[in-house]
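Single-structure report; data block below.
Per chain, numbering begins at 1; letters A, B, ... match sequence-line order.
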Amino acid sequence: MWKRLLLGLIVLVLAAGIGFFALAWRSAYDPIDPPGRTAFDDAAIARGAALAGIGDCAVCHTAAGGEAYAGGLPIPTPFGTIYSTNITPDPETGIGRWSEAAFRRSMREGVARDGSHLYPAFPYPHFTKATDEDIRAIYAFLMTREPVRAEAPANQLPFPLNFRPLMAGWNLLFLDEGPFRPDPNQSEAWNRGAYLAEGLGHCGSCHTPVNALGAERKDRRYAGGVAEGWHAPALDASSPAPMPWTEEALANYLRGWDPHHGLAAGPMAPVVETMKDAPAADIAAIATYVASLSGGRTASRRSADQVVAFAEERAFGPVPQVDRPKISAVQAEGLQDGERLFVGACATCHHEGGALPYTRPVELSFSSSVTGPDPRNLVRIVLDGIHPPEGQPGPIMPGFAGALTDQQLEALLIYVRRHFGNAPAWRELGATIRDIRGSDAS
Amino acid sequence: MNAQFQPNLTRRTLLGGGGALVVSFSLRPFARAAAQEVQSEAEALPEWGSLKDNPMLDSWIRIDAEGKVTVFTGKAELGQGIKTALVQLAADELSVPLGSVALVTADTARTADEGYTAASHSMEESGTAIWHAASQVRHILTGWAAERLGTGAGELRAEGGAVLAPDGRRIGYGELVAGRSLHVAAAAPSRLKPVGEYKIIGTSVARIDIPAKVTGGVAYVQDLRLPGMVHARIVRPPSRGARLTGLDTRGAEAIPGFLKVVRNGNFLAVVAEREFQAIRAMQALAAGATWQRAAALPNEDEIFEVLRRLQSEERVIKAEGGGVTNAAQTIEARYLRPYQMHGSIGPSCAVALYENDALTVWSHTQGAFPLRAAVSELLRMPPEKVRVIHMEGAGCYGHNAADDVGGDAALVAREMPGRPVRVQWMREQEHGWEPLGSAMITEASGQLDADGNLVGWTYDVWSCPHSTRPGGAGWLLPGWEIESPFQPDRPKPIPQPAGGGDRNAIPLYRIPNVRVVDHFIPEIPIRTSALRSLGAYMNVFSVESFMDELARAAKADPVAFRMRYLEDPRARAVVETAAEKFGWKPGEKPGPGRGQGFAFARYKNLACYVAIAVEAEVDAGTGYIHLPRIVAAIDSGLAVNPDGIRNQTEGGILQASSWTRFEEVRFSTEEITSRDWGSYPIMRFESVPGSVEVHIVNRPDQPFLGTGEGAQGPTAAAIANAVADATGVRIRTLPLSPKRVKAALGV
Amino acid sequence: MMALDVNGTTRQVDADPDTPLLYVLRNDLALNGAKFGCGLGQCGACTVMVDGNAVFSCVTPISLLEGRRITTVEGLGTAENPSPLQQAFIDEQAAQCGYCIAGMIMRAQALLERNARPSDAEIRRQMQPNLCRCGTHMRILRAVRRAADAMGSASAAPAGGEARL
């Protein structure tokens with residue numbers, strides 16, 4: 001009896017093991033000799049370049065100061081640090097020996113050429129929606145880059161997460177394999193936008209909250225998420241943007257600047273930077289689709305006219321000092337300190353009618369960093385400032401990390417939130433500030 | 001040390017003359033203001049530099065009863081280290097310790113009129129003058145000592161500020177000059193010391209101005225603080241050519257510290273007790289001003305077509321050879337340069353004091369005397385009632401807003417008699433109103449014979465003026481704004497051999513058939529003037545890019561190809577030195593996305609020789625150019641201060657690497673839209689090259705040659721050539737910005 | 001009236017609290033080191049230290065600074081007795097026009113007080129906000145390196161070798 005039970009158990013464990021093995025096991029694709037440039041036609045390479053831009057491949061697959069697509073960028077996840085891989089066609093350290101079929105499988109299933117599982121920090125749950133033709137174009141583009149010899153550092157993941165076959169289970173739970181299915185009730189532009197945003201654009205990777213296992217929550221699509229310590233604002237009807245996201249505004253924003261939403265900051269900045277060269281029609285299509293997610297609604301439910309009127313009321317005039325009586329209404333509420341700091345430190349640039357900085361900052365009343373549910377974006381922007389890519393034109397905001405104490409920053413942001421955001425005070429603002437500054441200092 | 005550089009300045013010390021032994025001081029009559037740069041460029045350099053024009057020795061050197069030496073130069077320190085080099089020359093030739101020499105820079109009441117500090121001429125003009133004057137003074141002193149000692153002058157020698165006899169008797173310079181005058185004309189010939197006897201010349205003496213600059217001493221006109229001084233700011237029009245149609249001064253008047261609004265036609269300024277009050281008042285006054293805007297600027301998208309359409313004066317500046325008969329292939333190329341900016345880090349500043357019908361202006365102008373002429377015309381005052389004193393400012397790199405703000409300060413000071421008025425421009429004013437480096441077009445055509453020999457060369461260059469310095473009030477910005485405005489006179493081209501827009505348009509290479517044509521565009525669609533190296537930056541970029549294109553067509557190594565056509569041994573030596581120190585290997589590619597590039601020029605075909613080799617790394621994804629390594633070789637004759645030459649050349653290389661990779665002035669039809677460092681990005685530390693080496697080919701037996709601008713053009717071409725080597729793509733339009741490189745590379 | 005701690009001395013300042021520190025330093029306290037460059041925190045010519053951190057004094061109102069420790073280049077040393085970092089700038093002849101240099105020194109000083117042994121890459125990153133137009137960058141980097149090396153070995157020495165930061 002005992003023996004039979006034990007045997008049964010062993011059989012069961014073995015069977016489960018074999019089952020898991022069968023589930024997790026992926027064959028290796030044979031290595032190929034790297035195809036030369038002539039193996040690809042120019043049109044496919046050009047299309048691949050645009051698609052790789054929409055997919056932001058270079059953003060993650062380029063280390064700071066490193067060669068484009070040569071990988072090595074540390075990507076912090078709640079589970080540990082993962083390093084992006086080299087996707088240049090270097091035969092030893094890159095994807096030079098990957099056949100198109102192997103590349104396609106990695107995009108669709110998250111499996112490398114040698115059969116090992118990739119982590120979903122590589123957004124194959126989105127890329128799986130790409131068409132064969134688009135994957136082929138991206139392959140053509142990547143395989144015609146300059147090969148760079150660069151080995152990515154080993155991932156820093158704890159056991160058991162460093163056991164790659166586990167990802168098979170994750171895929172079973174969370175991966176919806178297969179190409180994008182268009183919605184016949186929607187326009188062609190909407191479907192194109194949905195295809196790009198859901199697929200290669202992988203917007204949901206940041207803008208959708210994730211569950212405990214790091215998978216996007218299907219019940220809360222685009223309800224706002226987290227990226228590299230920044231809050232990725234909701235794109236659905238709970239959007240914190242004071243001005244509703246219209247197609248036009250989104251298209252402006254994705255090209256660098258919208259008067260009612262400003263510019264991309266934090267981890268979104270390089271995304272916009274790499275998308276700049278995408279075909280205008282594709283940007284417009286993405287804008288169409290993403291605008292439909294909120295349907296022109298915002299969390300505040302204020303109309304555009306109301307938002308504009310409020311912004312005008314709260315904006316500082318050309319000479320901040322003279323205008324101070326205008327904002328004295330809030331002084332009674334104990335916001336004097338923050339107001340004073342704002343007038344001295346911020347109003348130099350954040351006022352109407354001034355000559356500088358030449359690229360005018362967005363009205364703070366329009367900024368979702370001011371009105372959003374989470375203060376960390378605003379904290380980070382004030383501390384670190386905003387800087388265009390080296391040698392390129394773009395607005396500059398100096399960082400105030402050295403100038404402001406924690407208490408001053410808190411007072412300033414309480415005031416900014418109240419005066420420009422017309423929103424209830426953030427809870428945990430002080431803790432967020434200490435948290436961010438503490439982690440920055442370490 | 002010069003009174004200007006002592007702290008705790010008072011008006012008295014600044015206005016006062018020199019010490020006790022100031023004898024009658026010879027100044028040339030106020031004269032050669034207008035077009036001075038034009039003239040001096042045209043003249044062959046006199047053997048004695050500026051001593052030829054101002055032959056009185058005490059115009060240059062005076063010695064007081066304590067034996068203290070004061071050297072006077074009509075030139076200005078612009079951050080190029082000229083003060084130190086001039087003191088070195090004087091001290092060594094006079095045989096006095098370096099520390100016993102004080103220097104007075106350009107001051108219309110005290111120094112010789114040496115025109116502009118420009119075109120890398122300071123050492124050739126002022127340096128040569130001081131050197132020779134020092135030599136003559138030493139011989140005079142030795143002669144006086146011989147009289148007193150009753151010996152022959154030949155037995156005496158000068159050392160440590162004294163004349164020594166073989167028997168040990170010694171008379172100090174101070175004692176020698178007592179009761180005697182150095183107000184004597186220089187007499188030919190000068191008997192300079194033999195090169196081997198120099199102890200200070202040829203050594204890297206530390207710059208005398210640096211200690212104050214790193215410790216917060218009074219170093220700049222921006223730091224000048226006079227008793228009773230007030231602050232003014234200018235409200236400039238919102239667009240070029242706008243007219244002031246309405247003004248509400250109440251907002252400005254409400255600012256604490258407000259003193260006065262000064263309005264004169266379209267010129268508008270406000271004065272306040274304190275600087276930040278003046279800034280607030282300026283903001284308030286700007287908000288109260290109504291302007292009729294104008295669209296006076298050309299369309300940015302068509303700027304090069306506009307330049308070609310404008311009437312130009314055509315001059316054939318070189319025509320040689322009887323025509324090419326054996327061309328096997330012809331290569332053609334067109335190069336473009338946008339408007340570029342001086343972009344001084346410190347906005348221009350001046351202090352002016354109007355008192356007892358006389359005006360004094362402290363200014364970082366490059367030409368104290370010409371500015372005096374312009375300001376006296378602007379204020380309609382006699383020139384002898386105007387004094388301009390040079391004080392350093394932030395680096396200007398040519399004709400920036402220094403003179404304009406001098407005019408601004410003068411206009412405001414006249415309305416505030418008795419109170420010194422300090423005016424500094426705001427950042428957006430400096431960016432928006434400074435005279436720019438001209439946009440340019442060049443077209444080159446070259447012919448190779450069947451063996452790949454360069455047999456024909458034609459070259460055309462189109463450019464607006466590169467010198468519109470204030471000969472008069474018609475070239476001062478406020479001169480155009482006041483109620484009775486001044487008209488600028490018609491700009492003139494700077495003639496060859498130095499040239500302006502056509503500077504370095506003639507290649508130094510020996511080519512059998514050459515034709516070079518300058519197309520001078522006198523009209524100025526956007527205000528332009530001298531920016532470091534003038535047209536040489538673009539012409540060397542074009543000529544040296546084109547040499548690479550020809551070398552490629554001839555299937556020759558670019559360095560070897562250049563050497564084939566270089567005859568001047570000094571040119572050959574710098575090319576060889578740069579190539580060797582760089583480790584130039586024909587055809588070698590340093591790695592993926594990397595390339596090497598080379599360029600050479602002799603600045604103005606008259607001054608220093610510079611060759612530069614560059615390694616570039618091009619990020620195909622972003623189009624960004626990283627420069628891991630730059631190696632340069634320079635020959636500027638006798639190296640008076642080798643480290644000074646290295647510092648200048650290094651600086652030129654880095655600045656030109658910023659121009660070449662990033663810089664392009666943007667504009668609408670109303671205004672310049674590059675108004676701050678966000679809209680006009682320049683190099684930051686991230687883009688600083690990995691390493692820069694400068695090797696000096698010293699020529700102790702040769703006269704010193706201008707150094708400060710020699711690296712601009714070769715740097716640009718060497719970068720473009722390295723990018724072409726790295727990517728196989730030739731980019732002929734400046735700047736090689738990430739956007740342009742990325743677009744050129746395609747996918 | 002406001003009390004400001006500047007270079008270790010308490011200074012009474014009578015200026016609008018919104019006034020940026022830069023103008024108070026230059027006009028009220030007659031300190032020349034911090035320079036007006038842009039007034040926008042884009043160029044760093046105005047850099048000083050507050051509590052050991054580099055800040056743009058042109059966008060830092062004095063209302064932020066009560067009770068805080070302000071250091072300008074004048075507070076490091078004098079022409080006769082320069083600080084190690086100032087001496088390194090002199091030794092490397094790291095100036096052309098020099099207008100940006102006081103700001104450069106203060107930003108570098110903030111780094112060296114935090115990290116006595118910075119890598120070359122860390123030095124470059126630290127200096128990124130400050131602009132130089134003369135092209136003195138190579139010398140500035142060498143000067144900071146030299147000072148770091150000198151101060152690093154000084155602090156490694158046993159007694160009496162404490163570097164004056």
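Scanning residues 24-40 of chain C against chain A with a 4.5 Å heavy-atom cutoff picks out Gly39(C), Leu40(C), ordered by number.
With chain A as the partner, the residue from Val55(C), Val50(C), Val59(C), Thr19(C) showing the most heavy-atom pairs under 4.5 Å is Val59(C). Comparing Met49(C), Gln128(C), Gln42(C) by heavy-atom pairs within less than 4.5 Å of chain A, the highest count is held by Gln42(C).
Counted within 6.0 Å of CD on Glu428(A), heavy atoms from surrounding residues, nucleotides or ligands total 12 or fewer; the atom is thus considered open.
Between Leu404(A) atom CG and Thr60(C) atom OG1 the span is 8.0 Å, to the nearest 0.5 Å. A distance of 7.5 Å separates CD in Gln408(A) from OG in Ser63(C), rounded to the nearest 0.5 Å.
Closest approach of Leu64(C) and Ala403(A) over heavy atoms only: CD1-O, 4.1 Å. In terms of heavy atoms, Pro398(A) sits closest to Gly41(C) at CB-O, 3.3 Å. Closest non-hydrogen pair, Gly402(A) versus Arg68(C), comes out as O-NH2, 3.4 Å.
In this structure, Phe56(C) has no ring pair (Phe, Tyr, Trp, His ring centres under 6.0 Å) partners at least two apart in sequence or on a different chain.
Neither the backbone nor the side chain of Arg114(C) comes within contact range of chain A, judged by heavy atoms closer than 4.5 Å.
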